[in-house]
Structures are given as C-alpha cells and as structure tokens.
J.: 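Pasting a structure below so you can have a look.
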Amino acid sequence: MLGPMTDAKIRLFVDQPLGAGQTVPLDRDQAHYLFGVMRLSAGAGVLLFNGRDGEWLARVAEAGKRGGILICEAQTRPLRRPPDLWLLFAPIKKARTDFIVEKAAEMGAARIIPVQTDFTNAERIRQDRLQAHAVEAAEQCGGTYVPEVADLIRLDRLLADWPEGRHLMFCDEGFADGGAAPEGASSALPGLRRTTPAEPWAILIGPEGGFSAAERKRLLALPFAHPVSLGPRILRADTAAVAALTLWQAALGDWTRPAA
Ligand code: SAH
C-alpha cells in the first residue's frame, strides 16, 4: 500500500525527525543496507518512519560506503497509533521470546513489557535486541509506530504500581482442561465484549511453568483484572500471546474500528 507518487519499496526506521526538506544522515549499517545490499544509488526513493512523524518518501542525496544522506520529500502516510494495549509476558527461550515480540509488534501492541514471575527462568533479557525485533516487525508490516520494549520488571512490582484505569486481561491457564472458572471470569470473546471497551488495557501471559498458586490468587483478586480462557487446551506461551492479541483486537481493538 505505497503512496501513488512513489516507486520506493524499502521501508526503513530512522531515529531522526522527519518533515518536508528534512535531511536524514545515515549510519554505517543503514548505508551498508541501502547501498551495499539493496544497491540503491543517488535519486532512489526510500520510505522512512520514526514512530512519531508518519511515513515519508525520501530520496538518496549522497550514497557512500560508511554513510550517506537522504532528503525527505513528502509524507506518504500519517502516524497511526495502535490502541493503548500493553502485552505483559514472562520471557521464555530466546527464539520464542523473539517470536512474541515480533508478533506483538505486528498485532498492534503499543508497549511490550517482559515480566519476571515466580516461575520465570530468565533473570535478564537483551532489551536492545528485543527492541530491534520490534523495529524490524514494524518495517515489514507497514507500521508507522514502533512499540517500546520495556526492561524486565517483576510482576508483583508492576501490579503494586498499576496505573489507574488500565484493565488487565489475565490469561489464566487454570481454565484449561476442565479447570473451574473463577467467579466473574469471561469466556473469551463474548466476555471481553461485555467489559468496558474503553482503553487502556493490558494482556498478561505466563511462562512455560504457568503462574504460581499465590500469583494466581492475587491476580484473581485484583479489581482491574479480567480472567480469560483461551480454550480447553494448554497453549505454549508464544501461541497464547498471539491468540490473546487476536482476541483482544477482534473484541475491543482496531480490528473493530479504525485506529486513531
Ligand atoms: N505449565 C502451565 C501452562 C503454561 S502455558 C500448566 O501446565 O498449567 C503459558 C501461559 O499461556 C499461561 O500462563 C497462560 O497465561 C497462557 N495460556 C496457555 N493456555 C491457556 C488457556 N487455555 N487459557 C488461558 N491462558 C492460557
């Protein structure tokens, strides 16, 4: 869905202001990608976005081995923010964690927050690497917004400091395989639709080991938490993340209405 006046096919995230006539200097990696790998030369068009100023058509003004300069011509798309939805997930194995971040960016999460739960193995995450995955996903899916990947935070600390008014879709594996639904629990889509559609929201997905009994008890007692079932089978955390994002987007998100 490129603008009509452009032959540019490459989309590149840059961390600089974009606007008519704006000069955008390229770093070594960007220059290598555009001129070394993609073989662009002076005059070629590139689509740029920075997560703030929408998407812009820019032209190569200078192409070098270690750098270069692009000049912005015209905006091709305005900034389109996703709904105010956070994805909280407990980091799992590297490849699956990367998958969750990539899918969350594609599915339109506004913020991605790795949380340390009682049964989370990871003590550390590579925030910079995960952020780079979110950028790549935005480049690829035509997004003009890049979700921020936060640093790892303890779930209990996050819940203790929970922002007022933000709903929490608690994906509770306790439902699976005939587990009794806690009082007030939603059976997914219809249940979510009955809740207030007002943003902001967050989705919580547990680790491979699931939530501890103490965590689950605490989560079920939180006034802003809505326990939700993802069906009778126990899903892997990465599957659960995509399923929950789908459910939320279909019930309350920008699948039902255009994003602001
Ligand atoms: N080892 C755990 C399962 C963890 S699955 C057990 O055997 O109980 C990882 C996470 O995915 C869960 O913590 C939950 O947040 C989510 N999840 C997986 N299947 C689910 C389901 N059927 N309903 C709701 N959430 C689910």
Side-chain angles (χ1 to χ4, degrees), residues 1-82 87 89 91-112 114 124-151 238 241-242 245 259:
M1 279 206 312
L2 304 178
M5 71 288 229
T6 158
D7 55 343
K9 292 214 169 49
I10 299 170
R11 298 186 85 239
L12 193 66
F13 174 86
V14 294
D15 199 12
Q16 284 131 31
L18 300 174
Q22 182 78 42
T23 302
V24 180
L26 299 172
D27 66 25
R28 201 191 175 104
D29 288 347
Q30 291 164 333
H32 173 72
Y33 172 66
L34 292 183
F35 313 132
V37 181
M38 302 309 289
R39 303 262 155 217
L40 298 189
S41 46
V46 181
L47 294 171
L48 302 179
F49 68 106
N50 60 7
R52 304 182 296 271
D53 301 321
E55 181 190 82
W56 286 77
L57 172 64
R59 299 245 167 239
V60 177
E62 276 174 39
K65 273 215 163 62
R66 287 179 204 85
I69 291 175
L70 302 180
I71 296 176
C72 287
E73 278 184 0
Q75 194 182 48
T76 45
R77 277 196 263 189
L79 174 67
R80 193 175 232 254
R81 288 179 188 281
L87 176 70
F89 76 100
I92 41 179
K93 286 197 196 82
K94 184 174 161 292
R96 291 182 187 274
T97 298
D98 292 352
F99 177 95
I100 290 177
V101 169
E102 179 183 290
K103 298 313 159 203
E106 287 177 51
M107 293 289 297
R111 200 160 172 236
I112 302 169
R124 266 191 298 270
I125 51 153
R126 285 281 309 274
Q127 188 277 340
D128 56 336
R129 259 201 46 236
L130 294 180
Q131 186 66 67
H133 279 292
V135 166
E136 268 173 45
E139 284 174 342
Q140 174 273 322
C141 76
T144 48
Y145 178 89
V146 179
E148 176 215 1
V149 181
D151 265 321
D238 46 349
V242 178
L245 286 159

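Only a predicted model underlies this, so the values are computations on that prediction, with no experimental measurement involved.
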J.: Is there side-chain contact between V146 and E139, with heavy atoms separated by less than 4.5 Å?
T.: no
J.: Measure the spacing between CG of N50 and CG of L18 and express it to the nearest 0.5 Å.
T.: 4.0 Å
J.: Looking only at non-hydrogen atoms, find the nearest pair between P91 and I125 and report the distance.
T.: CG-CG2, 3.8 Å
J.: Can any side-chain N or O of Y145 pair as donor or acceptor with the backbone N or O of A110 at less than 3.5 Å?
T.: yes
J.: Under a 3.5 Å distance rule, please check whether R59 uses its side chain to pair with a backbone N or O of G43 as donor and acceptor.
T.: yes
J.: Is the closest side-chain heavy-atom distance between I10 and L40 below 4.5 Å?
T.: yes
J.: Nearest 0.5 angstrom please: W56 CH2 to E73 CD, how far?
T.: 10.5 Å
J.: State the CG-OG distance between L34 and S41, to the nearest 0.5 angstrom.
T.: 11.0 Å
J.: Which heavy atom of L57 sits nearest a heavy atom of G45, and at what distance?
T.: CD1-CA, 4.1 Å
J.: Are D98 and L130 side-chain neighbours, meaning at least one heavy-atom pair lies under 4.5 Å?
T.: yes
J.: Ion pair present between D151 and R124, side-chain N to carboxylate O less than 4.0 angstrom?
T.: no
J.: So that I can tick it off, tell me whether D238 and K103 are bridged by a salt bridge, with the cut-off set at under 4.0 angstrom between side-chain N and carboxylate O.
T.: no
J.: So does H133 get a backbone contact from the side chain of E102, meaning a donor-acceptor N/O pair under 3.5 Å?
T.: no
J.: How many angstroms lie between atom CD of E148 and atom CZ of R111, to the nearest 0.5 angstrom?
T.: 4.5 Å
J.: Between P25 and Q30, which heavy-atom pair has the shortest distance, and what is it?
T.: O-OE1, 4.2 Å
J.: Do L26 and I69 touch side chain to side chain, with heavy atoms closer than 4.5 Å?
T.: no
J.: What is the minimum heavy-atom distance between G19 and C72, and which atoms define it?
T.: O-CB, 3.0 Å
J.: Do side-chain atoms of R11 reach the backbone of C141 as a donor and acceptor pair under 3.5 angstrom?
T.: no
J.: How about CZ on R52, more than 12 heavy atoms from neighbouring residues, nucleotides or ligands closer than 6.0 Å, or not?
T.: yes
J.: Quick one: NZ on K94 to OG1 on T97, what's the gap to the nearest 0.5 Å?
T.: 9.5 Å
J.: For the residue pair G21 and I71, what are the closest heavy atoms and their distance?
T.: O-CG2, 4.0 Å
J.: Using the rule given for side-chain hydrogen bond (donor to acceptor under 3.5 Å, both in side chains), can you reason through T144 versus E55, listing the C-alpha separation, both sets of side-chain angles and the distance that settles it, and then say yes or no?
T.: CA-CA 6 Å; T144 48; E55 181 190 82; over 6 Å; no
J.: What's the verdict on side-chain contact (heavy atoms from CB on, under 4.5 Å) for F49 and F13, showing C-alpha distance, side-chain angles and the deciding distance?
T.: CA-CA 5 Å; F49 68 106; F13 174 86; 3.8 Å; yes
J.: CZ/R28 to NZ/K65 distance, rounded to the nearest 0.5 angstrom?
T.: 10.5 Å
J.: Might you work through the side-chain contact (heavy atoms from CB on, under 4.5 Å) test for E106 and Q140, ending with a clear yes or no?
T.: CA-CA 9 Å; E106 287 177 51; Q140 174 273 322; 4.0 Å; yes
J.: So which heavy atom on I112 is nearest to which on F89, and how close?
T.: CG2-CE2, 3.7 Å
J.: Is L70 close to V14 at the side-chain level, that is, under 4.5 Å between some pair of heavy atoms?
T.: no
